[in-house]
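Encoded as structure tokens, the structure appears first; notes follow it.
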Amino acid sequence: MKTQVIPANHPNVAQKAAEIIQSGDVVAIPTETVYGLAANGLSEDAVSRIFEVKGRPSDNPLILHICDATQIDLYCHDVPQSAYRLAQLFWPGPLTMVLPAKDTVPKRTTGGLSTVALRCPDSEIARQIIQLSGVPLAAPSANISGKPSTTTAEHVLHDHGGKIPLIVDGGACRVGVESTIVDLTEERPRLLRPGGITPEQLMAVLGDLVVDKAVTAQIDKDAVVKAPGMKYRHYAPTEPVIIVAGEREKAAAYIHRHFEPGDRVLCFEEELPLYADCNPLSYGKEADVSTLSAGLFAALRELDDGSIGKVYARCPVGGGVAYAVQNRLKKAAAFHIVDAEVAQ
Ligand code: TXA
Ligand code: MG
């Protein structure tokens, strides 16, 4: 199959994408977070195509993308007031809410769960495609399962060229990490995945937020977890990634002591001069964390190269969007973190 890449501003591209989706096939679409592999979320067969293209385990549910908050009640029941309030404040935007699913949502989409994850993306072209398709779109991140998410059309072409008919090219994604996921089906709201909508923003509305253990630690692959996707190895280049935490000069000293030929350093732009002899790659500015979230996956993809030994990575500290960057980087490192303040 030949994969067409068509710019998002091309006339008729949304119509063409919608027609492919209506025919039951998969289209890669840009969103503000990462690219998605989209298909009709109400069709078992179309959703099966997504799992097949992505190589994704079938117990890992998909997010259903809708084009406005009035559609929540079409797919969910017993919706708490807090969900409408969050939608009003943060949709369209990088927030996914897990809610009790109506029978209108196929089990193939929810991975057999009684809940469904809903999101309304802040990308004009994505919402236009949803609207023209006339159905909500199931869409996982458009990477091969286990690999870093795709934040450009070139990334998607690399992973899925020849397997899907169309990639809608909306340029580089603005946020760069996947949406925040909050589960509203239990007594207490639970953060399943940090993202562009921060824990602080959620707390301000909900007044309470439990952080799921899958966010903060490595989960055993046989464990029972709230977000089934969290237990799989994620975002991982082929080589080991080691996060070196601690103050700038101490981290540089640690890395220089341990660096071997073939290793790479993934650091902040401000730190490049410190690693001039360590083949460094910057993923953004420490002083502007939105550049780190926007650049992280492209950098992890660039480092996914069989010839590299180890990657020493620098990670931003603090809350807000930095919390999401920490989470993705820790997962890429399988939570292997060295504290340069104490380690030799
Ligand atoms: O930003 C995003 O959310 C992107 C773009 C394309 O919208 N999508 C995305 O999808 O990241 P995916 O499939 O790569 O990640 C969705 C995560 C998975 O970890 C999955 O297990 C979890 O959401 N999830 C989906 N439905 C769920 C549910 N009903 N309960 C708990 N977790 C759920
Ligand atoms: Mg994903």
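Whatever order the structure lists them in is the order used to number ligands and atoms, beginning at 1.
Using a 4.5 Å cut-off on side-chain heavy atoms (C-beta onward), H336 and I243 make no contact. In this structure, L166 and T3 have side chains that are not in contact, with every pair of non-hydrogen atoms separated by 4.5 Å or more. Put simply, the side chain of V177 does not reach to within 4.5 Å of the side chain of V34, judged on heavy atoms. Counting heavy atoms from C-beta on, the side chains of F335 and K330 come closer than 4.5 Å.
Heavy-atom proximity to atom 13 (O) of ligand 1, evaluated over H65, K54, R56, is greatest for R56. With atom 8 (N) of ligand 1 as the reference point, the heavy atom nearest to it among A139, S179, G36 is part of A139.
Around the Mg ion (ligand 2), the protein atoms of type N, O or S that sit closer than 2.8 Å are S141 OG.
Contact annotation for D183 and ligand 1: no heavy atom of the residue comes within less than 4.0 Å of the ligand. Residue contacts with ligand 1, taken as heavy atom pairs separated by less than 4.0 Å, involve I181 solely via side-chain atoms from C-beta onward.
For ligand 1, the atoms sitting less than 4.0 Å from at least one non-hydrogen atom of L113 are 28 (C), 29 (N), 30 (N), numbered in the order shown with element in parentheses. Of all atoms in ligand 1, numbered sequentially from 1 with element shown, those under 4.0 Å from a heavy atom of A117 are 25 (C), 26 (N), 27 (C), 29 (N).
Heavy atoms of N60 approach ligand 1 to within less than 4.0 angstrom. Under a 4.0 Å heavy-atom criterion, P121 is not in contact with ligand 1.
If you chain together hydrophobic residues whose side chains sit under 4.5 Å apart, L292 and L300 fall into the same group.
Between R301 and D159 there is a salt bridge, with a side-chain nitrogen of the basic residue lying less than 4.0 Å from a carboxylate oxygen of the acidic one.
When only interatomic distances are considered, the shortest N/O to N/O separation between T31 and ligand 1 does not fall below 3.5 Å. Any N or O atom pair closer than 3.5 Å counts here, and E178 shares no such pair with ligand 1.
For residues 288-314, the ring-ring contact (aromatic ring centres under 6.0 Å, His included) pairs, not counting sequence neighbours, are Y235-F297.
H10 contributes no side-chain N or O that, together with a main-chain N or O of I6, makes up a donor-acceptor pair within less than 3.5 Å. For E341 (side chain) and E247 (main-chain N/O), a donor-acceptor pair under 3.5 Å exists by modelled atom type.
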Test side-chain contact (heavy atoms from CB on, under 4.5 Å) on V325 and R328 and set out the steps. CA-CA 5 Å; V325 175; R328 302 309 191 278; over 6 Å; no
Check the pair E178 / S149 against side chain to side chain donor-acceptor pair (under 3.5 Å), numbers first and verdict last. CA-CA 8 Å; E178 309 86 338; S149 295; 2.5 Å; yes
